[in-house]
Amino acid sequence: MTPQFHRPQPRLSRRRRRLLQYLAGGGLGAIAFGTLRPETVASREVSLEKLCSMFPQNSRCADYLPGVQALDTEGEAIAVDTFLPTTTPGDRPAVTGLPDGEPTYLVIQDGPAIAAYGIRPICTHLGCTVDWHPDQDRFICPCHDSQYDADGRVLSGPASDPLPLATVVVRQNQIRLVERAPSVDPR
Ligand code: FES
């Protein structure tokens, strides 16, 4: 029988052992003390914003104010209780607040009430800013004369696609603008 020899294991130097303990402790510590936590919280906030802008009536969203507050032509935040009585169904008042600096046209419905979507006046032909013409009840592009109805549907080209929409949420006496199309396009 061949004798079995035990090969002696190389011993780690004290310095190397300490280094390995430090690295192992750091990795576990990061998990234990939540170094990764901010990322988790941020992604939760993003998903809450997404949920609440897509489904603002969801019970989790009762206190959540998505997007940005709508501002009037003076740059002042709009209070719904004073603003709404000044409107008439069919109006398309322009408000600002979204980061691109372009206005958003609110859609005033029967009630009067503010629709859950607003019209973004960005022409889908080549991107000029279209103007609202209340006397003609339509948006008209000053560049090549594309025309859109009061909800942004194309009436005449060269544009072939409707105007983009933003999500509008009315809550806590505020009008909130969300730079995202509503979950259901009403057109
Ligand atoms: S950019 Fe509006 S019609 Fe051409």
Side-chain angles (χ1 to χ4, degrees), residues 42 45-58 61 64-187:
E45 282 173 1
V46 167
S47 59
L48 187 62
E49 165 146 359
K50 195 170 180 183
L51 170 78
C52 296
S53 60
M54 293 175 77
F55 307 103
Q57 305 311 328
N58 185 289
C61 305
Y64 189 77
L65 291 172
V68 295
Q69 194 161 7
L71 310 175
D72 63 17
T73 49
E74 311 291 316
E76 298 291 327
I78 296 172
V80 175
D81 59 356
T82 52
F83 168 76
L84 208 47
T86 68
T87 64
T88 303
D91 284 354
R92 295 292 182 267
V95 299
T96 58
L98 287 179
D100 64 5
E102 293 288 354
T104 299
Y105 288 86
L106 300 177
V107 175
I108 306 299
Q109 298 175 320
D110 288 342
I114 299 167
Y117 63 96
I119 315 283
R120 303 300 332 272
I122 299 149
C123 184
T124 55
H125 177 224
L126 292 176
C128 289
T129 301
V130 302
D131 300 311
W132 169 241
H133 292 257
D135 51 326
Q136 299 178 60
D137 204 30
R138 64 185 58 190
F139 294 92
I140 300 177
C141 181
C143 294
H144 312 103
D145 202 38
S146 283
Q147 301 196 15
Y148 304 84
D149 75 7
D151 277 328
R153 299 179 192 89
V154 176
L155 294 171
S156 60
S160 55
D161 294 319
L163 292 174
L165 300 179
T167 298
V168 175
V169 177
V170 176
R171 182 162 296 149
Q172 296 176 26
N173 205 29
Q174 297 182 22
I175 301 169
R176 308 290 301 191
L177 306 176
V178 182
E179 202 173 23
R180 182 181 297 128
S183 50
V184 178
D185 190 323
R187 300 171 295 192

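In each ligand, atom 1 is the first atom listed, and ligand 1 is the first ligand listed. Because only heavy atoms are used, hydrogens play no part in the values below, and waters and symmetry mates are left out as well, while side chains stay in.
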Excluding sequence neighbours, so at least two apart, what forms salt bridge (Lys or Arg N to Asp or Glu O under 4.0 Å) with Asp100? Arg120
Tell me if the CG atom of Asp81 is crowded by more than 12 foreign heavy atoms within 6.0 Å. yes
Backbone of Arg187 reached by a side-chain donor or acceptor of Arg153 within 3.5 Å: no
Does a side chain donor of either Gln136 or Arg138 reach within less than 3.5 Å of an acceptor in the other side chain? no
Evaluate the pair Cys128, Cys141 and indicate whether the two SG atoms are within a distance below 2.5 Å. no
Given a cut-off of 2.8 Å, the protein N, O or S atoms lying below it from atom 2 (Fe) of ligand 1 are Cys123 SG, Cys141 SG
Could you please spell out the steps behind the side-chain contact (heavy atoms from CB on, under 4.5 Å) verdict for Cys123 and Phe139? CA-CA 9 Å; Cys123 184; Phe139 294 92; over 6 Å; no
